[in-house]
Each structure stands twice: as structure tokens, then as C-alpha cells.
Visitor: 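Let me begin by handing over the structure; questions about it come next.
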Amino acid sequence: MSGPYVIRGSVSLPEAELMWRFSRSSGPGGQHVNTSDSQVELRFDLEATDALPEVWKERALQRLASRLVGGVVTVRASEHRSQWRNRETALVRLAALLAEATAPPPKPRRKTRIPRGINERRLREKKQRGDTKRGRSGRDW
């Protein structure tokens, strides 16, 4: 595979903490699929890792709580016929998942007032539009 998978900044997934499992895939491949273990299951123990800063780890554990089984996050890949490409896909997915889960929360929205001029212009244009429509009828208002 092509080097360490960076989550964000200088933090990357340590190869030693990744647990791989391979099995027969049900995807494309014809008869080849019956003889090779091309499906990849990648497991990463999020609870026990020291690779992530503590703040990121807590944030990820909270956000991925529904996906975790015993503190371990699992990603599967079986789209490709090649085990190698499935490994790459699983690693990219796991890195993206962890990057999203460890991202800082968005800044809270600051309430802003609508400028008075904008509101007045809107009401003036609305009044003009109503007058235009009213003028289309044959009645004399």
C-alpha cells in the first residue's frame, strides 16, 4: 500500500494497530471469486489506540458510538476483484471516517439582523407588484 494514511495534519493510522481479515467476496469476478479471498475487513481499535490525540479520540468515540462494537470500528470493502485494491479502498474509507469523526464542531452561527433598508425595499417591491396585478383587472378599484 502507498504509505501511511493521514487522518488530518500530522496524525496518521499506525499500521501496527490495523487488523485485517480476508474472506471470499460475493462481488464481480466470475469463477475467480470462488477461489480467492478478495473481500477485506479492516478493524481499528479506537478505544485502545494512542495514535490519536485524547480530544480527537473522545470526539470519535462519541460520534461513532453506533458503529463501534467493543470500541472497535470495522470497515469492509469488496468492490474490486483484487484483494490489494480492496485493501486500499478499506484504508481510504477508514481514514475518511476517522477524519470526519474527529473534525472539530462547526462554529455556532451568529445571529444577524436584517438591515432595515432591505426589508423596506422588499415591502416596497411587494406593494408595486400587487398594484401591477390589481391594475390588470377590468374593475375600477
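These numbers were taken from a predicted model, which means no experiment stands behind them.
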Visitor: Tell me the closest heavy-atom pair linking Val75 and Ala90, and the distance in Å.
Guide: CG1-O, 3.9 Å
Visitor: Do the side chains of Leu97 and Val92 join up, straight or via other hydrophobic residues, at under 4.5 Å, putting them in one cluster?
Guide: yes
Visitor: When rounded to the nearest 0.5 angstrom, what distance separates OG1 in Thr74 from CG in Leu68?
Guide: 8.5 Å
Visitor: Distance from Phe44 atom CZ to Leu42 atom CG, nearest 0.5 Å?
Guide: 9.0 Å
Visitor: Please tell me whether Gln83 and Ser38 have a donor and an acceptor in their side chains that are separated by less than 3.5 angstrom.
Guide: no
Visitor: By the side-chain hydrogen bond (donor to acceptor under 3.5 Å, both in side chains) test, which pairs, at least two apart or in different chains, include something from residues 92-107?
Guide: Arg8-Thr102, Glu79-Arg93
Visitor: Do any pairs count as a side-chain hydrogen bond (donor to acceptor under 3.5 Å, both in side chains) and have a residue in residues 50-69, sequence neighbours left out, and if so which ones?
Guide: none
Visitor: Does Arg136 have any side-chain contact (heavy atoms from CB on, under 4.5 Å) partners at least two apart in sequence or in another chain, and if so, which?
Guide: Arg129, Thr132, Lys133
Visitor: Considering only residues two or more places apart or on different chains, which pairs with a residue in residues 39-49 satisfy salt bridge (charged side-chain N to carboxylate O under 4.0 Å, His left out)?
Guide: Arg21-Glu41, Glu41-Arg76
Visitor: Indicate yes or no for a side-chain donor-acceptor contact from Thr49 to the backbone of Leu46 under 3.5 Å, with no hydrogens or angles considered.
Guide: no
Visitor: Hydrophobic clustering (ILVMFWY, side-chain heavy atoms < 4.5 Å, transitive) - are Val72 and Leu91 grouped together?
Guide: no
Visitor: Taking the side chain as every heavy atom from C-beta outward, state whether Val40 and Ser78 have any pair of such atoms under 4.5 Å apart.
Guide: no
Visitor: Under 4.5 Å side-chain heavy-atom separation, chaining through any Ile, Leu, Val, Met, Phe, Trp or Tyr, what else clusters with Val69? Say none if it is isolated.
Guide: none
Visitor: Measuring from Phe22:CZ to Gln39:CD, what's the distance to the nearest 0.5 Å?
Guide: 11.0 Å
Visitor: Answer with yes or no whether the hydrophobic clustering places Leu98 together with Trp20; edges join I, L, V, M, F, W, Y residues whose side-chain heavy atoms lie under 4.5 Å apart.
Guide: yes
Visitor: May I have the list of side-chain donor-acceptor pairs in residues 111-123 shorter than 3.5 Å, sequence neighbours left out?
Guide:
{"unit_1": "Arg116", "atom_1": "NE", "unit_2": "Glu120", "atom_2": "OE2", "d": "3.2"}
{"unit_1": "Asn119", "atom_1": "OD1", "unit_2": "Arg122", "atom_2": "NE", "d": "3.4"}
{"unit_1": "Asn119", "atom_1": "OD1", "unit_2": "Arg122", "atom_2": "NH2", "d": "2.9"}

Visitor: Going by the rule side chain to side chain donor-acceptor pair (under 3.5 Å), which residues pair with Ser23 if we only count those two or more places apart in sequence or in a different chain?
Guide: none
